[in-house]
2 protein chains.
Amino acid sequence: MADSYHHGNLRQALIDAGIKIINENGEENLSLRKVAAACGVSHAAPYAHFKDKDELIEAIKDNVTEKFMEKLVEAVEGKPTADAAIIAMGRAYVTFFSKNPDYYIFLFGKQNITAHLKMNKEYKGDYPPFLLLRRMYLLHLEENGLEKTVEEQEIELIKIWSIVHGMASIACMKGVKSSINWNDIDERLLV
Amino acid sequence: MADSYHHGNLRQALIDAGIKIINENGEENLSLRKVAAACGVSHAAPYAHFKDKDELIEAIKDNVTEKFMEKLVEAVEGKPTADAAIIAMGRAYVTFFSKNPDYYIFLFGKQNITAHLKMNKEYKGDYPPFLLLRRMYLLHLEENGLEKTVEEQEIELIKIWSIVHGMASIACMKGVKSSINWNDIDERLLV
DNA sequence: TGCGCTATCTTTACATTGTCAAGATAATAG
DNA sequence: CTATTATCTTGACAATGTAAAGATAGCGCA
């Protein structure tokens with residue numbers, strides 16, 4: 001099957017090959033034809049599985065986002081308090097993109113996430129990592145017996161996420177010299 | 001001159017045309033040939049002014065960064081205290097990218113800023129907006145008679161910039177529903 | 001079993017794009 | 001005025017995304 005006219009599982013193979021190319025050669029080297037060649041099929045074969053290049057890219061983004069979420073969930077699991085979970089999540093967030101900046105650019109660069117969310121019914125308009133953060137945050141309020149208006153919550157949430165996301169962004173750019181070791185974030189950074 | 005064989009000021013015309021295309025049709029529609037056509041010259045004419053497409057893009061980035069810095073400086077000027085200046089700068093920062101998300105993607109997306117800084121001797125390894133923030137921050141320490149170690153300073157600086165840059169980033173994505181009006185940031189967001 | 005339907009893949013073709021090389025044109029220095 | 005140089009054009013090529021037409025094979029149904 002794997003060596004016959006029909007590939008067997010070309011769709012996932014194309015996604016995997018795409019991720020590999022992005023990791024090894026950067027997103028600018030990701031072309032439909034190279035991905036197809038990497039899978040040993042003709043350059044038009046992907047069109048049986050994806051409407052166009054964008055649809056392949058969206059599929060790859062979903063795949064990477066899943067890996068991202070796995071790391072975040074992994075970091076959160078088993079933490080004694082919501083606060084500890086949030087800190088851990090922040091660390092995992094920055095570490096993930098710090099380890100492979102290409103992912104940051106790939107996920108948040110080029111096309112903004114709005115288009116991505118629109119194409120992806122599963123998200124229903126909300127970004128999974130942000131939902132996870134909100135859950136942890138609400139838990140934090142509960143654990144500490146805090147009462148906040150929805151607006152106050154929203155502001156604090158955005159603030160936390162901005163810090164973490166901003167740090168990830170900056171860690172990826174590295175344009176600014178800094179004595180911070182991004183792979184081992186200091187607690188002082190996270191409120 | 002403007003209508004003869006020689007264009008007169010093609011270099012800047014190409015940059016302007018590039019910015020226009022990015023604003024109107026997004027970065028993915030920016031091609032050397034279209035930029036050239038928009039200026040009424042042949043498709044290879046840009047090569048007299050730019051080594052390749054990347055060099056044109058870098059020139060455009062410089063131009064946009066200048067506009068960005070103008071807004072930041074404008075926001076900072078005439079503020080009574082460093083704290084007020086920092087708040088104003090944060091507002092201007094987010095507002096700038098909130099108004100035209102394409103600029104955010106263009107400046108910080110695709111190619112990371114490291115390459116941009118490397119190609120640009122003028123920056124000497126530091127990003128102008130960050131330098132401005134650092135100046136304001138040091139002024140803030142001075143005005144309030146605060147003593148901090150360099151590491152503490154660096155952490156606080158990164159933190160402030162992370163919040164602002166992260167907010168700008170999130171404001172551009174808009175994937176997350178939020179009750180925040182990005183064009184009129186609440187002071188509570190900025191420490 | 002055999003027939004056809006459909007998903008999958010190939011081949012061919014075309015437009016767009018970045019880039020290069022060779023030549024044309026004009027500005028400028030000497 | 002002439003030679004040099006910067007600027008621009010033309011023509012070509014390879015890489016790419018994409019569409020159309022056809023080949024192949026698996027699967028349901030008679």
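Chain A is the first sequence line, chain B the second, and so forth, proteins listed ahead of strands; every chain is numbered from 1. None of the values given here were measured: they were computed from a predicted structure.
Taking a 4.0 Å limit (strictly below) on heavy-atom distances, residues 33-41 of chain A reaches DNA chain D at A:Arg33, A:Lys34. If you check residues 15-25 of chain A against DNA chain C, you find no residue with a heavy atom closer than 4.0 Å.
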Quiz: residues 9-26 of chain B side-chain donor-acceptor pairs under 3.5 angstrom, not counting sequence neighbours:
{"from": "B:Gln12", "atom 1": "NE2", "to": "B:Asp16", "atom 2": "OD1", "distance (Å)": "3.1"}
{"from": "B:Asn23", "atom 1": "ND2", "to": "B:Ile19", "atom 2": "O", "distance (Å)": "3.4"}
{"from": "B:Asn23", "atom 1": "ND2", "to": "B:Tyr103", "atom 2": "OH", "distance (Å)": "3.0"}

Let me check something: any side-chain donor-acceptor pairs from residues 73-84 of chain B under 3.5 Å, sequence neighbours excluded? List them with distances.
{"from": "B:Lys79", "atom 1": "NZ", "to": "B:Ala75", "atom 2": "O", "distance (Å)": "3.0"}
{"from": "B:Thr81", "atom 1": "OG1", "to": "B:Ala84", "atom 2": "N", "distance (Å)": "3.0"}
{"from": "B:Asp83", "atom 1": "OD1", "to": "B:His140", "atom 2": "ND1", "distance (Å)": "2.7"}

Listing, residues 40-47 of chain B side-chain donor-acceptor contacts under 3.5 Å, not counting sequence neighbours, or none:
none

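Residues forming a ring-ring contact (aromatic ring centres under 6.0 Å, His included) with B:Phe68 (at least two apart in sequence, or on another chain): B:Tyr93, B:Phe96, B:Phe97. Residues that satisfy the side chain to side chain donor-acceptor pair (under 3.5 Å) test with A:Gln153, not counting sequence neighbours, are absent from this structure. Evaluation of the salt bridge (charged side-chain N to carboxylate O under 4.0 Å, His left out) rule for B:Lys148 yields B:Glu156 as partners, not counting sequence neighbours.
Note on A:Tyr47: every side-chain N or O is 4.0 Å or more away from OP1 and OP2 of D:dA19. OP1 and OP2 of D:dT10 both lie 4.0 Å or more from every side-chain N or O belonging to B:Ser42. Distances shown here put a side-chain N or O of A:His49 below 4.0 Å from the OP1 or OP2 atom of C:dC9.
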side-chain contact (heavy atoms from CB on, under 4.5 Å) between A:Ile87 and A:Arg91, worked out: CA-CA 6 Å; A:Ile87 298 273; A:Arg91 265 212 195 91; 3.9 Å; yes

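Taking every side-chain heavy atom of A:Leu32 into account, D:dT18 is the closest of D:dT18, C:dC20, C:dG18.
Within the structure, no pair that satisfies the ring pair (Phe, Tyr, Trp, His ring centres under 6.0 Å) test touches residues 13-42 of chain B, not counting sequence neighbours.
Taking only distance into account, the side chain of A:His43 meets the base of C:dT12 through a donor-acceptor pair shorter than 3.5 Å.
The distance from atom CD1 of A:Ile57 to atom P of D:dT16 is 14 Å, rounded to the nearest whole Å.
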